[in-house]
Structures are given as structure tokens and as C-alpha cells.
Amino acid sequence: MAYLPGFIMFYLTMMLMLCSPLVTAQVDYAQYVKPLIGSEGPFPGLAFGGGDIFVGGALPFGVVKVGIDTYEDNVTFSTLNGGFTPEGRVTAISMMHESGTGGGPKYGLVPSMPLTTVDAPVNLLDNRTYWQKRVGIDTAQVGYYATQLENGVGVELSASRHSGIMQYTFPAGEKHVLVDISHYLPSETGGSDVQAYVGGAIDLQPGGNIYTGYTSVGGGWNEGAPITAYFCGEFEEAPAQARTFSGRNTEPMQRYHTWSDGPVPQAMYGNLSEVSGPLNDRVGALFSWSNSSSSTVKTRVGISFISADKACNFKNQEIKSWNLNDTVDAAVQEWNQDVFSKIQVPTDESQNRTNLVLLYSSLYFMHLMPSDRTGENPLWQSGEPSWDDFYTLWDIFRCTVSLYHLIQPSYYQGMIRSLIDIWRFEGFMPDGRSGNYNGLVQGGSNADNVLADAYVKGLPGINWTAGYQAMVKDAEVVPYNTFSYTDFTASVKEGRGALSDWLALGYVSSDGSTRAVSRTVEYALNDYSLSLVAKGEAPGDVQKYLNRSANWQNIWAHNVTHKNFTGFLAPRLLNGMFNLTDYNPALCGECEWSAISYEATPFEYSFTIPHDMETLIQSMGGPDEFERRLDYIHLPDTSEQNLGANGAAITSIMNIGNEPDFATPYLYNYINKQYKSVQHARDLANQYFHDANYGVPGNSDAGALNSWLIWQMLGLYPVVTQPVYLIESPWFSDINMTINGNATLRITATRLDNKDGYYVQSVKVNGQSWGRNWLEHSDVMVNGGTIEFELGSEMTRWETGEIPPSPGHVVL
Ligand SMILES: *[C@@H]1O[C@H](CO)[C@@H](O)[C@H](O)[C@H]1NC(C)=O
Ligand SMILES: *[C@@H]1O[C@H](CO)[C@@H](O)[C@H](O)[C@H]1NC(C)=O
Ligand SMILES: *[C@@H]1O[C@H](CO)[C@@H](O)[C@H](O)[C@H]1NC(C)=O
Ligand SMILES: *[C@@H]1O[C@H](CO)[C@@H](O)[C@H](O)[C@H]1NC(C)=O
Ligand SMILES: *[C@@H]1O[C@H](CO)[C@@H](O)[C@H](O)[C@H]1NC(C)=O
Ligand SMILES: *[C@@H]1O[C@H](CO)[C@@H](O)[C@H](O)[C@H]1NC(C)=O
Ligand SMILES: *[C@@H]1O[C@H](CO)[C@@H](O)[C@H](O)[C@H]1NC(C)=O
Ligand SMILES: *[C@@H]1O[C@H](CO)[C@@H](O)[C@H](O)[C@H]1NC(C)=O
Ligand SMILES: *[C@@H]1O[C@H](CO)[C@@H](O)[C@H](O)[C@H]1NC(C)=O
Ligand SMILES: *[C@@H]1O[C@H](CO)[C@@H](O)[C@H](O)[C@H]1NC(C)=O
Ligand SMILES: *[C@@H]1O[C@H](CO)[C@@H](O)[C@H](O)[C@H]1NC(C)=O
Ligand SMILES: *[C@@H]1O[C@H](CO)[C@@H](O)[C@H](O)[C@H]1NC(C)=O
């Protein structure tokens, strides 16, 4: 790969700038962030099996994520979800991306692409005629990304909240920027979750340095209705020539007009304005500068979901300076102030830099999604905050939202108010939502868990009357069937698709519904969540939902034995009989939408009853058997199921690469053997999370995997829907967390530097010796407090107090 001195110089000056006290007086934690962690999977050079992360310019929960869109040649192994791939060809630099998601790609909207020639064979309507390999080494830092295209153009970019700034440095010769409004991230493998361009428009202002318009693109992973993104772009230097173009849309698309299957036509140049019209024609513009003009083309682009005028205002207000570094500085400052400084650890020379990189990079990734679109809701008028890109609550309900609650309470309040507002205006809260459209629901209606978790911890500013109504809708009303290609049997758009089974039978049946095992355990927790909020909002409902939360017991087959363990969740039929024909709880077939359990085996889901661990442990044969089973799942080569990209390179049943097992390694706390939780969870963290491009074990899932690692490093783990945290073992000698707005939780640890010295010997909470291996939210998370760990190499059974609670304990 080519070595580019200009580039390296830029890199060095960036580093100098970031380290200089000019930025802020506080510590520049952004210097530890490596935005490429998660950009590769187990196959070097391929994104497959990696984090599917976004790489580029973004602010915390920002609307835009500005970065490259790429195409990988290895189609079978391709994942383009974040736009970025390690070695893929660049088709555009675009404004909207997801981060960490699986399924079909979504977004890749409002593009621009620097070109050095537009002569044949280049066809502006055929991306394969102009796409570019990258040469040299990409630079990725907080708020900044740079790459070098094979055509000699250097690309640098940064982002504000609704706008981006790009700087294209051209070699001598022709200079063009292509804006193809019909561009979006494609799905290389096709299928039902491809995106589709359904129209757009572009208008050039006389002089050609400002362009406005919109693009509408539907589909993608959540099978969403088209989202319309308005844009307003500006070039610092007016182009010598600016031309619109159009051409027939040859993309075959169901239910939309196109000139299907024809050859890609040549672009027809127009003048100042193009609209796609009833046949969804492709439209765009080409901007060209004379050979003699400056080699640098700078452009800033704003987007809005309301109007092009708003997009122009965002651009003008957010990016006032044509100096790209000014936007970078502002981004770095915001990330430091609003995100990284919320968890402060020692950063002096003696510290382990790898751990600093892992902590602050993880914080970065867990703040890329969802998107705060407050003021930008095109669907209804409401004074409530508006959020999008919950992709998905299934991923983030387990431990990500509990961290938002602590360190981002006002953003988090906005998210929950927005979930409730979506119910108010669309009828259901989402589980997944993207492009202003609910879907897909992988398991339960997990917004219920999110609301309950916030409720029991007293998040202020929420209308719980409305929140509870929204939860009751999930629990009582069957959502209408949208006949998704992923599952024709019932809705996967919102709510609980298998609710009729649940209400009639007390479980999800394996012959009446899909994903019967995993949805039964998820619906049980959802109903436990209702019982919690009902305490304040509808006391008469508490017992009903508590009883329903025990329904997982209805599919517990006490006589199923596998690998010398007895008692598992198992498929049960509409007629009440278990179907144990050829049943192996360590397998889930394709583990997808039509399987008996989703993205994890029944063996794994058999551990996921956080509200009633007491019954679960009894059902597995008591504490000793429970322990033996936990020990077993952590052994290598125990997995019998190939989980594909959701468990790449993981050979134990315990799969930390996907969410269902997040809490499992910590369950030894429930038998007062906390040292084993520490041992196994730490092993998983060390084995699968690295300061490397293949640094997370699978899709980061909107930062869910990253937030798991943060809790691990803090030495705590939240029990979802309970105001309870399991005590583990911290990675730093001193942690100051700013929680609940302005309180401080200080976590300290002595003897951290012993080899293997991370086992807990004793704990003090707020100065008092602590015999339990868990804490309540009110102990330290409201007004702050202290947790003091004495660590050491001995695996000590230090805890003497009662085990963590089972507040949903019900004997059926
Ligand atoms: C795609 O990548 C995989 C993993 O490296 C490799 O086994 C396979 O041969 C590649 N296929 C092509 C067509 O390059
Ligand atoms: C611009 O530069 C290109 C490449 O160097 C050259 O082929 C072309 O003739 C130049 N055009 C003009 C108008 O000078
Ligand atoms: C290139 O454009 C075609 C036509 O719009 C589209 O089908 C394809 O997915 C695009 N490819 C990439 C890599 O963007
Ligand atoms: C562009 O404008 C010129 C001058 O007004 C006109 O002659 C020409 O037909 C226009 N071209 C198109 C494609 O509209
Ligand atoms: C960023 O700032 C450095 C020095 O502060 C400067 O050398 C460099 O050219 C700037 N880059 C851009 C794109 O403005
Ligand atoms: C945490 O806060 C205490 C009290 O202000 C301070 O003494 C200590 O240095 C801080 N530690 C870190 C890592 O910031
Ligand atoms: C830093 O911590 C990592 C674990 O995160 C460990 O692998 C590495 O050995 C440590 N480095 C040093 C110098 O102690
Ligand atoms: C809270 O929500 C309830 C139910 O939707 C509604 O009747 C009430 O007006 C709301 N309260 C406030 C303060 O908005
Ligand atoms: C029972 O399970 C077996 C094995 O998975 C399957 O082939 C069969 O169709 C199931 N029976 C019913 C009634 O669903
Ligand atoms: C296992 O128990 C279920 C119900 O608890 C029963 O339907 C089934 O016949 C039993 N199977 C065996 C092999 O005992
Ligand atoms: C099976 O499990 C029991 C405990 O339930 C244990 O005593 C026995 O040794 C195990 N047998 C094998 C073959 O692992
Ligand atoms: C902390 O925040 C709360 C709520 O916003 C406020 O009432 C209190 O005065 C603040 N305390 C300090 C010390 O700033």
C-alpha cells in the first residue's frame, strides 16, 4: 500500500492538536478512542463476523453519521451495514448510517463522490464504472476520518449534529463531485430486506455552489416505509460547471414503477432542476471545477427530515467555518464533555493503555445509536423528543440502557418519552425502529423491559400513566399481521406477534408460532415488567402480570436430559404436549425467524430468567447442578450449534458475541460464588475484546457488546428490570463516574496490579463492609457514593450475605 507523506503529516498535526491544551482544560479522553475497533471479523480484510460498525464523523446520538459507503468483492462474506468495510471499494461518502447492525443494510443516503474523470466508460448511473479502491492507510479518530482513493483524491470528513463537512484534495487535472440522489447502501446478497430508491429531486442554485433536494428510500432491514431525507449542500468555491442529470431507474423493485431489468442507461444531462417523477427516475448532479482552480474542494451538507430549508439552516448554523478542523475540534470537545468524562480513570503514564483504549472506545460505540431526531419528526406534531434508530431494543435492553440511565439521564429520558410518543401516535412502541418505522421484533416487546428498568430506578420526567398504557397495549393487543418476508405467521413489526398463543395457552407453541422457546422467555420478562409499573399505575394488575411472568415454567421440560444435565426449556405444542421428538436443547437449526429459538439455543435461553432465579435454580436441580451447568457452558468445544456470524470463532455454548447470554457468566453470584463470575466473565472479556480491528466478537449491535464490556470494566453488572447491580471486579484502581446528572460514584480497587490479582477479597460500600455480592440502585446510584474493592489473586468466597433477589418468584 502506498505511503503518503502528506497524509502522515496531517496525521501528526492532528495528534498534536488533540494533545494540545487548546482543546479543553480537561483530559482529552478522545485520544484513546479507536474508531476501527470492530471493523473486521475473523477473516482479515473482511467485515464479515466483525462489528459492522460505522466509521466516520459523528456526535453522540447525532442525526448524521458521515462516512464512506463501500462494496466488498467477496459477496458471500460481505457485510456493508455500517457503510465502511476494510478493503471495499468506495461508491460514495454519505450522511446517514447505522452502527453495529446485522440484517440488510439501511441508509447510505445523501451522497457525494469525488471523481477525476467522467469520460466513458464512466457512467454516472453505474457505480461500478467509477467506484474507487482505497490506497494508503485510513485515519479514523473521534470526529474525523480520512482516506485516499486510487484516483488520487484524498478524502477527509467530519460531522456536526445534522451536517457534515467533506474536503476532497484532488491531484492535478479534472475535478468533479458526483451527487447521485438515487444512491443507497445495497444488499449484496439480495433478499427481502433490500433498500429501494423511490424518488428524489435536486435543484441547483444559479452559480451551482448550492444544491438542495430530497431522496426517498424504503425497505432495508426493518422493511420500512420510505424515509425522505432533505438535503442542502454547498461548495466553498463555486464550480465552473454544474449540471443535473437523470435516467430511468432500472432497479427491479416490487410494487414500484421502474424500467425493470433493462441495461443501466446513460445519464441525460439537464439544467438546474430534476424531479424523479412517477417512474421514480434516478436524478443527481455533477459539479466540475476547472483544472486550474484550487486542488481542494470543500463541501458542507446539512440534512433534515422536514425540509430543505431546515437542512440549509443546520448546515449554516452548525458548520460555520470552512476549516474542517474546527468541526473536528467541536466534535472532540463534545465527546469529551458529554460522554468520555462521565467515566474518569487514571491516565498517567503508568496506566495500561490497552484498557484505556477499550474503555473509551466502548463508550464511543455505545453513543453512536440511537439517533436524537428531536425537532425532526416528519410524521406528527408533538412537543415530545423524537428518537430513531433503535436497532434494536432486543439488543440494548439487557445492559446498555441501564448505563444510559446512569451516565446520560437526560438523553435517556428523551429516548423513553419518544418511545411512548410513538405508541401515542402509531399505536405501539417499537422494538426495532429505523427510518421512522417500527420493526423488526425479534423476540418480546422489549420496550416494556426498558420502561420498567427506568421506572424501578426512578427516572424522572416520564408520564408513567401513558407508559403503562403503552405496555398494556403490548401485553393485551395482538398486532396486525404485516406478512413480513421474515415470518408470515404473525406481525414482526411491533408488539407481540405470538400473543394469541400466550394469552390462550400460557406459552408460545412451537406448532402455532415461530421462535416458541425464545419468545416464551421474553414474554415472561415483558409481563414481569408490566407487574412492576402496575405497582404505581394499576395496582389491580400486579398479580395478573406477575402470574404471567411465570409462564416460562410452562415450557420447562423437567425430564429432558442433555449431556447429563436435566431440565430444559423445550418446544410445546398447541395441544399441550411437549414435542421432544429428536429434541436437542443445544441446537436451534438456523436459529432465525422460523426456528424454535432465535439467535441462541434453548440451552442458552434456559438461563435467562432474571426475575426468578430462585425457581430457575431449583428447576435445574439446585445450586450444585446449576453451578455444574454454568461451568460446562464455559468450556471450549461444548457448542453444538453453528451460529454463523452471530457466534463466529466461539466454541463454547456461552456466546458472548450475542445478547441472550450477556448476564449468564455473572449468574454464579446467585449461588454466592462470585469469584467464578469474575473468573469466567473476565476470561470472556480478555479472550474476545481487543484493541484491534477484530476487537469485538460479532456485530456490536448498536453498541450493546461495547456496553457489556464497560460494565465488566466497572466491576458491576445490572440485573435488567431490577434496581440491582451484581458486584464483580473493576479493571481500574480509581473510577469516578458522573451519575444521575451531577452525583459521583467512586469505585476504587487496591492490589490491582497483581498478576491474576483481580479476585475480590473484600468490598466496602459507602465505607461499610459489605457482605452481599450485589447492590441496590439507591445504595450508590442516586446520590453517588463509594465502592471500595480489595482485590487479590485468591479465589475467595468472600460474600456471606443473602444472594441477589428473585423479586418475580412465583410457584406455579
Ligand atoms: C471470501 O472470503 C472467504 C474467507 O476469507 C474465503 O474463504 C472465500 O474463498 C472468499 N471468496 C471469494 C470469492 O473471494
Ligand atoms: C485538464 O486536465 C486533464 C488531465 O491532466 C487534461 O486531460 C485536460 O485536457 C485538461 N483540461 C483542460 C480544459 O485543460
Ligand atoms: C450500484 O447501483 C446499482 C443501480 O442503482 C445498484 O443496484 C447497486 O446496488 C449499486 N451498487 C453499489 C455497490 O452501491
Ligand atoms: C437547458 O437550458 C437551455 C437554455 O435555457 C435550453 O435550451 C435547454 O433545452 C435546457 N436543457 C434541458 C435538458 O432542459
Ligand atoms: C488541521 O489543522 C492542522 C494544524 O492545526 C493543519 O495543518 C491541517 O491542514 C488542518 N487540516 C484541515 C483539513 O484543515
Ligand atoms: C476521583 O475523584 C477524587 C475526589 O475528587 C479524586 O481525588 C481522584 O483523583 C479522582 N480520580 C480520578 C481517576 O479522576
Ligand atoms: C493490559 O491489559 C490487557 C488486558 O486488557 C492485558 O492483556 C495486557 O497484558 C496489559 N498490559 C500490561 C502492560 O500490563
Ligand atoms: C399522561 O398520559 C396520560 C395518558 O395518556 C394523559 O391522559 C395525561 O394527560 C398525560 N399527562 C401529562 C402531564 O401529559
Ligand atoms: C416435532 O419436532 C420434530 C423435530 O423437530 C418435527 O419434525 C415435528 O414436525 C414436530 N411436530 C410437530 C407436531 O410440530
Ligand atoms: C416428559 O414430561 C412431559 C411433561 O412433563 C411428558 O409429556 C413426557 O411424556 C415426558 N417424557 C418422558 C420421556 O418421560
Ligand atoms: C452426571 O451428573 C451427575 C450429577 O448430576 C454426576 O454425579 C455424574 O458423575 C455425571 N456423569 C457423567 C458421566 O458426567
Ligand atoms: C444536582 O442536580 C439536581 C437535579 O438537577 C439539582 O437539584 C441539584 O441542585 C444539583 N446539585 C448540584 C450540587 O449541582
Side-chain angles (χ1 to χ4, degrees), residues 40-50 68-80 83 85-94 104-105 107-109 111 113 123-133 178 180-191 194-198 200 215 217 219-220 247-253 256 258-265 267 276 280-284 508-514 516-517 557 560 570-585 587-590 594-597 602 644-645 648-649 694:
E40 278 184 40
F43 307 110
L46 291 179
F48 178 81
I68 57 173
D69 292 343
T70 61
Y71 182 89
E72 278 187 330
D73 286 327
N74 193 325
V75 171
T76 327
F77 276 82
S78 178
T79 43
L80 309 177
T85 53
E87 293 173 8
R89 297 162 199 254
V90 176
T91 56
I93 292 87
S94 79
Y107 297 154
L109 306 187
M113 181 69 187
N123 175 356
L124 301 182
L125 295 178
D126 186 347
N127 47 49
R128 286 161 302 184
T129 65
Y130 60 74
W131 61 15
Q132 292 292 316
K133 286 187 175 159
L178 166 68
D180 171 13
I181 296 311
S182 60
H183 168 93
Y184 54 83
L185 273 176
S187 165
E188 286 174 274
T189 48
V194 299
Q195 297 194 89
Y197 164 79
V198 298
T215 177
V217 173
R248 299 293 294 275
N249 187 353
T250 54
E251 202 67 5
M253 272 194 287
Y256 289 100
T258 60
W259 188 39
S260 297
D261 295 327
V264 179
S276 55
N280 303 313
D281 285 344
R282 298 176 57 185
V283 298
V508 178
S509 74
S510 62
D511 48 349
S513 294
T514 52
V517 170
V560 167
R572 195 167 170 187
L573 302 168
L574 284 163
N575 67 10
M577 304 291 287
F578 279 97
N579 179 5
L580 303 181
T581 310
D582 299 329
Y583 181 54
N584 177 348
L587 295 178
C588 47
E590 299 290 314
S594 63
I596 57 165
S597 74
Y694 181 32

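All ligand and atom numbering here is 1-based and tracks the order in the structure. Starting from 1, each residue takes its place in the sequence as its number.
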| query | At a 4.0 Å threshold, what atoms of ligand 1 neighbour a non-hydrogen atom of N74? | reply | 1 (C), 2 (O), 3 (C), 8 (C), 10 (C), 11 (N), 12 (C), 14 (O)
| task | Kindly compute the distance separating OG1 (T91) from CZ (R128), expressed to the nearest 0.5 Å. | result | 12.0 Å
| Is ligand 1 under 4.0 Å from a heavy atom in the side chain of D73, in the backbone, in both, or in neither? | neither
| note | Restricting to heavy atoms, the pick from T91, N127, D126, V90 nearest atom 3 (C) of ligand 3 would be N127
| message | Looking only at distances, can you tell me whether any N or O atom of N579, backbone or side chain, sits closer than 3.5 Å to an N or O atom of ligand 9? | response | yes
| remark: In ligand 9, the atoms that come under 4.0 Å of a heavy atom of L573 are 12 (C), 13 (C), 14 (O)
| request: For atom 13 (C) of ligand 3, grab the closest protein heavy atom and report residue, atom and distance to one decimal in Å. | output: Y71 CD1, 3.2 Å
| query | How long is the span from the CG atom in N249 to the OG atom in S276, to the nearest 0.5 Å? | reply | 9.0 Å
| Would N127 and H183 count as having a side-chain donor-acceptor pair, cut-off 3.5 Å? | no
| task | State if T581 counts as touching ligand 9 under the rule of any non-hydrogen atom under 4.0 Å. | result | yes
| Per-atom contacts, ligand 1 versus F43 - under 4.0 Å to a heavy atom | 4 (C), 5 (O)
| query | Atom CG of D511 and atom CD1 of I596: how far apart are they, to the nearest 0.5 Å? | reply | 12.5 Å
| Between S510 and N579, a side-chain donor and acceptor under 3.5 Å | no
| request: Between E251, R282, Q195, flag the one that comes closest to atom 6 (C) of ligand 3 by a heavy atom. | output: E251
| For atom 9 (O) of ligand 3, what's the nearest protein heavy atom and its distance? | P186 CB, 3.1 Å
| message | Under a 3.5 Å threshold, yes or no: a donor from one side chain and an acceptor from the other, between T70 and T85? | response | yes
| query | Does the ring of F578 carry R572 above it, NZ/CZ under 6.0 angstrom from centre and within 45° of its axis? | reply | yes
